[in-house]
Amino acid sequence: MASVFDDLNPAQRDAVSATQGPVLVLAGAGSGKTRVLTHRIAHLVLDQDVPAERILAITFTNKAAGEMRGRLEALLGAHAAGMWVATFHAMCARILRRDGERLGFTRSFTIYDADDSKRLLKQVLQAEGLDQQRFPPALFASRISSAKDELESPSAFEETHTDPAGAKVARVYRAYQRALLEANAMDFDDLLVHTYRLLEGHEDVLAHYQDRFEYVHVDEYQDTNHVQYRIVALLVGAHRNVMVVGDDDQSIYGWRGADVRNILEFEEDFPDARVIRLEQNYRSTQKILEVANYVVAHNEGRKPKTLWTANAEGESITRYHASDERDESQFVVAEVERLLREEHRSYSDFAVFYRTNAQSRVVENVFLRAGTPYQIVGSVKFFQRAEVKDALAYLRAIVNPADGVSLARIVNVPRRGIGKTTMSRVAEYASTHGLTLYEALEDAAGGDWLGTGPTRRIAAFVALMEDFRETDAATLKEQVESIVAGTGIVPALEAEDTLEARGRVENVMELIGQVEEFERDHPDATLEDFMEWASLRTDLDSLEMDERAVTLMTLHNAKGLEYPVVVVTGMEDSIFPHANVIDPAGLEEERRLCYVGITRARERLYLLHAAKRSLFGRPQFNAPSRFFKEMPEEHLVSKGTGSTAPLSRGYSRERSGAWEESFAAPRDEEGGRVFGSGEPRVAGSGSADGSAEDFGPGDRVRHKSFGEGDVVVVEGDKLAVDFDEGGLKTLLVGYAPIEKVV
DNA sequence: CATACCGCATACTGG
DNA sequence: ATGCGGTATG
């Protein structure tokens with residue numbers, strides 16, 4: 001009979017069987033920690049008859065939660081029902097939905113994302129009479145956020161920060177919290193802080209959850225911050241059945257308040273804790289692992305450990321010296337296409353990592369021109385796109401009338417003649433009369449303190465909102481559909497009649513699709529449930545293995561993932577490690593980030609750096625990352641411009657890279673190049689001139705990787721094609737490998 | 001009240 | 001390089 005202990009190594013087995021009391025699992029990269037967590041939970045349910053609803057598992061991302069839930073369902077079937085597997089934020093939102101009234105919030109409270117909270121903060125700064133030039137909102141936002149991470153209330157902050165600047169922050173912090181409460185809203189940090197306050201201040205609520213969650217698991221423990229730690233401590237206070245899993249070498253969120261000490265000091269907090277080390281890596285080749293180990297060994301504040309593997313030695317790591325960022329990306333494209341041919345890999349085997357989101361643009365352009373399919377994770381998140389946020393803001397304002405940020409956002413979207421002048425008078429009226437923004441609008445609609453034009457338009461808007469609230473739609477999808485239709489967002493976009501506007505219409509439609517999908521997965525869900533889900537969702541969560549695309553993302557987003565081939569770009573001093581974090585602690589965190597990036601690779605690893613890189617439009621010349629010096633040289637093979645010349649000099653020859661010259665590829669007018677990829681390209685291969693005139697709306701086209709689709713719009717050399725599978729894409733005529741289907 | 005344009009800060013990492 | 005916010009203009 002199959003057992004949860006099958007196929008586990010001794011250390012993993014120890015961890016799975018240690019179900020009572022505090023347990024710290026130090027799990028190196030790729031050492032099977034998810035396996036340990038899921039098998040331990042299965043062990044609790046199957047062998048120790050613990051009801052699933054008594055088990056809590058907290059993960060770092062929704063994606064990780066989904067994966068764990070999937071694996072648990074596979075192990076437990078119907079026995080998995082009722083278990084809480086969630087991120088900290090999702091768990092807290094759920095707890096606050098139930099009992100947030102104790103803190104003065106209704107069940108319909110809104111969750112503000114960074115953008116929303118910054119808008120509110122700006123309102124607060126203005127109300128406090130602080131000039132935004134002299135007092136940048138971002139500074140206040142970050143100070144307030146850190147205070148919340150540390151569970152420092154406005155009053156506590158006031159006491160500890162008596163200097164003029166600190167006092168100013170305290171004042172804004174207090175006003176900001178009051179504004180949030182008045183708006184019946186919480187920012188991301190508040191989800192944690194308010195949950196802590198709720199549990200800490202209400203014995204019955206705490207007892208309920210302590211009793212319910214008899215076994216608590218925390219994944220990625222090295223990335224928990226103080227407030228998260230305190231929530232866990234409260235939850236496990238009674239029974240102390242807690243397993244935390246983490247790796248101090250992968251702590252990369254110190255800037256967000258994550259405290260490595262949580263993991264380093266777990267043994268002090270729980271002196272009777274069992275400590276189990278998982279040091280066998282099942283993911284990477286020996287060479288990749290050794291490079292990673294060498295780098296991270298340069299950190300001082302770490303638990304000494306060495307990850308080992310029984311895997312093959314593997315290929316050497318390729319270090320590529322690019323002349324500039326464009327050359328860097330072109331090398332990636334060429335290597336992707338080469339390995340596709342020579343090693344029969346698929347696009348989804350590849351991941352390209354970078355330190356900052358800003359670096360993705362060049363990579364994207366080069367991939368687009370080469371026709372190499374890619375997907376970007378995390379740049380502009382779907383639910384943060386302006387048009388999607390507009391639609392969501394309607395839903396929020398409908399559900400939560402106190403939500404002034406959402407209301408202000410949509411009152412004139414689409415344009416309905418309620419502009420800045422009118423709204424500032426309404427806001428003024430609201431604050432002098434102690435009303436919410438919506439109440440002031442209602443007042444204005446029936447009053448005479450505004451001109452007849454604005455009054456009439458506001459009355460129409462208020463009537464529209466009331467209409468929305470009285471919907472009798474049978475399903476969530478119908479409800480959202482009718483609201484979106486009522487707003488007139490879509491016709492306004494269609495009237496713009498541009499490529500971009502069409503994309504936006506697509507996104508609004510996609511939002512309705514998301515509602516439908518959500519409703520299918522959660523049949524009894526309310527509009528509030530959907531919005532909560534949407535607020536807590538990130539781009540990473542929807543990351544599917546697209547068989548036909550290379551994945552592009554930041555190093556931070558890469559945590560927890562793995563790919564057969566990994567490319568780390570921008571390995572230059574001041575980019576990675578980043579210039580803003582060169583103090584010793586910051587440097588150690590950058591080194592851990594480097595470690596995380598390297599250990600994502602299963603078989604092949606590329607480390608790239610460019611001699612010249614443009615920042616803010618100005619060229620910068622950065623030395624190769626200092627992390628190269630910390631790697632075992634015998635595992636690295638150098639290619640590119642700098643590999644034949646000393647690195648410190650001689651970068652004037654921008655175009656003389658050996659690799660570049662091996663490609664006798666044609667060039668376009670702007671100096672970009674078109675690369676051969678084995679199969680002949682239909683367009684852009686030099687012979688086919690591929691001008692935009694060859695295509696028109698309605699044409700049927702075939703793309704090398706996207707398959708067939710219909711041309712929607714032609715605009716200059718850009719082509720919008722609606723592919724049968726994969727949806728709308730923008731392609732560059734002359735570069736994208738497309739041909740007309742007759 | 002909407003649109004056009006100009007100047008300026010911005011771009012480190014995220015639930 | 002680009003997007004946002006402020007201001008001039010219609």
Side-chain angles (χ1 to χ4, degrees), chain A residues 58-65 86-93 111-119 122 132-133 136-138 141-142 145 148-149 186-193 220 223-225 227-228 251-258 325 353-362 365 377-381 383-384 386 411-412 414-425 450-451 453-454 457 532-541 553-559 570 574-582 586 589-590 592-594 596-597 613-620:
Chain A
I58 304 171
T59 60
F60 193 71
T61 63
N62 293 305
K63 181 181 160 63
T87 62
F88 266 106
H89 290 84
M91 173 185 81
C92 291
I111 300 169
Y112 280 175
D113 67 15
D115 178 63
D116 303 318
S117 44
K118 197 158 278 178
R119 282 165 190 257
K122 283 182 181 173
Q132 297 193 12
Q133 295 296 315
S142 118
S145 180
K148 290 182 181 181
D149 288 342
M186 304 182 191
D187 65 21
F188 276 118
D189 301 316
D190 284 344
L191 290 173
L192 305 170
V193 172
E220 307 284 12
D223 288 324
T224 53
N225 58 30
V227 57
Q228 290 170 329
S251 169
I252 55 175
Y253 286 97
W255 51 276
R256 203 168 79 187
E325 64 265 49
F353 302 149
Y354 33 80
R355 177 63 175 79
T356 69
N357 279 309
Q359 289 164 248
S360 71
R361 178 164 283 137
V362 179
N365 281 339
V377 175
S379 52
V380 184
K381 297 163 177 71
F383 287 106
Q384 313 217 133
V411 70
N412 202 29
R415 300 262 135 84
R416 47 172 73 94
I418 309 174
K420 265 184 290 196
T421 318
T422 305
M423 280 313 284
S424 63
R425 291 192 60 187
L450 289 173
R457 292 191 285 263
E532 177 178 312
W533 176 82
S535 302
L536 298 177
R537 211 172 153 68
T538 69
D539 224 29
L540 197 61
D541 303 329
M553 66 175 102
T554 62
L555 284 152
H556 282 86
N557 267 331
K559 197 180 60 157
S574 87
I575 299 287
F576 189 34
H578 197 273
N580 294 1
V581 281
I582 42 149
E589 182 151 313
E590 295 288 293
R592 292 192 291 269
L593 190 57
C594 185
V596 166
R613 185 179 298 274
S614 290
L615 231 70
F616 293 109
R618 297 259 159 268
Q620 310 263 310

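Sequence lines set the chain letters: A, B, ... in the order given, protein chains first and strands last, and positions in each chain run from 1.
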Chemist: Are A/Gln359 and A/Thr356 close enough that a side-chain donor and a side-chain acceptor fall under 3.5 Å?
Modeler: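 The answer is yes; a qualifying pair exists.
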Chemist: Atom CG of A/Asp223 and atom C1' of B/dG14: how far apart are they, to the nearest Å?
Modeler: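 Those two atoms, CG and C1', are 11 Å apart.
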Chemist: Counting side-chain heavy atoms from C-beta on, which of B/dG14, B/dG15, B/dA11 comes nearest to A/Phe188?
Modeler: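 Shortest atom-to-atom distance from the side chain points to B/dG15.
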Chemist: From the list B/dT13, B/dA11, B/dG15, which nucleotide is the closest neighbour of the side chain of A/His89?
Modeler: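 From the listed options, B/dG15 comes nearest.
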Chemist: Tell me whether A/His556 and B/dT13 count as stacked here, given that the ring centres must be under 5.5 Å apart and the planes must differ by less than 30 degrees.
Modeler: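 No, A/His556 does not stack on the base of B/dT13, since the centre distance and plane angle fail the 5.5 Å and 30° test.
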Chemist: What's the closest nucleotide to the side chain of A/Thr87 if the choices are B/dG14, B/dA11, B/dG15?
Modeler: B/dG15
Chemist: A/Asn580 side chain N/O closer than 4.0 Å to the phosphate oxygens (OP1, OP2) of B/dA11?
Modeler: no
Chemist: Would you name the heavy atoms of A/Ala258 and A/Asp223 that are closest together and state the gap between them?
Modeler: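 Nearest heavy atoms, A/Ala258 then A/Asp223: CB-O, 3.5 Å.
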Chemist: Go through DNA chain C in 5' to 3' direction and return only the first and the last nucleotide with some atom under 4.0 Å of chain A's heavy atoms.
Modeler: C/dA1 to C/dT7
Chemist: For A/Ile575 and A/Gly570, which heavy atoms make the closest approach, and how far apart are they?
Modeler: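 That would be CG2-O, 3.4 Å.
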Chemist: I need the CD1-C1' distance between A/Ile575 and B/dA11, as an integer number of Å.
Modeler: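 Spelled out: CD1 on A/Ile575 to C1' on B/dA11 is 10 Å.
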Chemist: Using side-chain contact (heavy atoms from CB on, under 4.5 Å) as the criterion, list what pairs up with A/Pro136, not counting sequence neighbours.
Modeler: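 Once residues adjacent in sequence are excluded, the partners of A/Pro136 under the side-chain contact (heavy atoms from CB on, under 4.5 Å) criterion are A/Leu139.
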Chemist: A/Glu589: which residues meet the side-chain contact (heavy atoms from CB on, under 4.5 Å) condition with it, sequence neighbours left out?
Modeler: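 Checked A/Glu589 against side-chain contact (heavy atoms from CB on, under 4.5 Å); matches are A/Trp255, A/Arg592.
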Chemist: Mind checking the C1' distance from C/dC4 to B/dT13? Whole angstroms is fine.
Modeler: 22 Å
Chemist: Could you tell me whether the phosphate oxygens of B/dG14, OP1 or OP2, come under 4.0 Å of any side-chain nitrogen or oxygen in A/Asn557?
Modeler: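 Yes, within the criterion.
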Chemist: Grab the CG-C1' distance between A/Leu191 and B/dG14 for me, whole Å please.
Modeler: 14 Å
Chemist: What closest approach, in Å, do A/Asp116 and A/Ile111 show between heavy atoms, and which atom pair accounts for it?
Modeler: OD2-O, 4.3 Å
Chemist: Can you give me the closest heavy-atom contact between A/Glu590 and A/Pro577, atom names plus distance?
Modeler: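 That closest heavy-atom pairing would be OE1-CA, 3.3 Å.
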Chemist: At under 4.0 Å between heavy atoms, what does A/Asp189 touch on the DNA or RNA strands: base, sugar-phosphate, or nothing?
Modeler: base
Chemist: Below 4.0 angstrom from OP1 or OP2 of B/dA2, is there any side-chain N or O of A/Asn412?
Modeler: yes
Chemist: Can you give me the dot-bracket string for DNA chain B, 5' to 3', counting Watson-Crick and G-U wobble pairs with both distances under 3.5 Å, using [ ] for crossing pairs and | for partners on another strand?
Modeler: ||||||||||.....
Chemist: Does the plane of the ring in A/Phe60 sit parallel, tilted or perpendicular to the ring in A/Tyr253? Use 30° and 60° as the thresholds.
Modeler: tilted
Chemist: Using side-chain heavy atoms (C-beta onward) and a distance below 4.5 Å, is A/Tyr112 in contact with A/Asp190?
Modeler: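 No, side chains not in contact.
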Chemist: Which heavy atom in A/Gly597 sits nearest to a heavy atom in A/Phe353, and how many Å separate them?
Modeler: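 Scanning both residues completely, I find the closest heavy atoms to be O-CE1, 3.8 Å.
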Chemist: Do you know the tightest heavy-atom contact between A/Lys148 and A/Val193?
Modeler: O-CG2, 3.5 Å
Chemist: Consider the side chain of A/Asn357, meaning its heavy atoms from C-beta on, and name the nucleotide among B/dT13, B/dC12, B/dA11 that approaches it most closely.
Modeler: B/dT13
Chemist: Go nucleotide by nucleotide along DNA chain B from the 5' end; which of A/Arg457 and A/Ala358 gets its closest nucleotide reached first?
Modeler: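 Taking each residue's closest nucleotide, the earlier one in sequence belongs to A/Arg457.
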Chemist: With sequence neighbours excluded, what pairs up with A/Asn62 under the side-chain contact (heavy atoms from CB on, under 4.5 Å) test?
Modeler: A/Thr87, A/Asp541
Chemist: When the distance from CZ of A/Arg361 to P of B/dA11 is rounded to whole Å, what number comes out?
Modeler: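 Rounded to the whole Å, the gap is 12 Å.
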Chemist: Within the sub-3.5 Å range, which N or O atoms of nucleotides 3-8 of chain B have a protein N or O partner, and how far apart are they?
Modeler:
| residue | atom | partner | partner atom | Å |
| --- | --- | --- | --- | --- |
| B/dT3 | OP2 | A/Arg415 | NH1 | 2.6 |

Chemist: With a 4.0 Å cut-off on heavy atoms, is A/Lys559 in touch with a base, just the backbone sugar-phosphate, or nothing at all?
Modeler: nothing
Chemist: When we call it a touch if two heavy atoms are under 4.0 Å apart, what does A/Phe88 touch: a base, just sugar-phosphate, or nothing?
Modeler: nothing
Chemist: Flag as yes if A/Trp255 stacks onto the base of B/dC12 (centroids under 5.5 Å, planes under 30°), otherwise no.
Modeler: no
Chemist: When you measure from the side chain of A/Arg457 to the backbone of A/Gly417, do you find a donor-acceptor pair of N or O atoms at a distance under 3.5 Å?
Modeler: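 Present.
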Chemist: How many Å lie between CD on A/Gln359 and P on B/dT13, as a whole number?
Modeler: 9 Å
Chemist: Can you tell me the distance, in whole Å, between the CD atom of A/Gln620 and the C1' atom of B/dT10?
Modeler: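 Checked: the CD to C1' distance equals 14 Å.
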Chemist: Provide the distance between the two C1' atoms, one in C/dG5 and one in B/dC12, to the nearest whole Å.
Modeler: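 Nearest-Å result for C/dG5 against B/dC12 at atom C1': 23 Å.
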Chemist: B/dA11 C1' sits how many Å from A/Tyr354 OH, rounded?
Modeler: 14 Å
Chemist: Rounded to whole angstrom units, what separation is found between the CG atom of A/Asn62 and the P atom of B/dG14?
Modeler: 15 Å
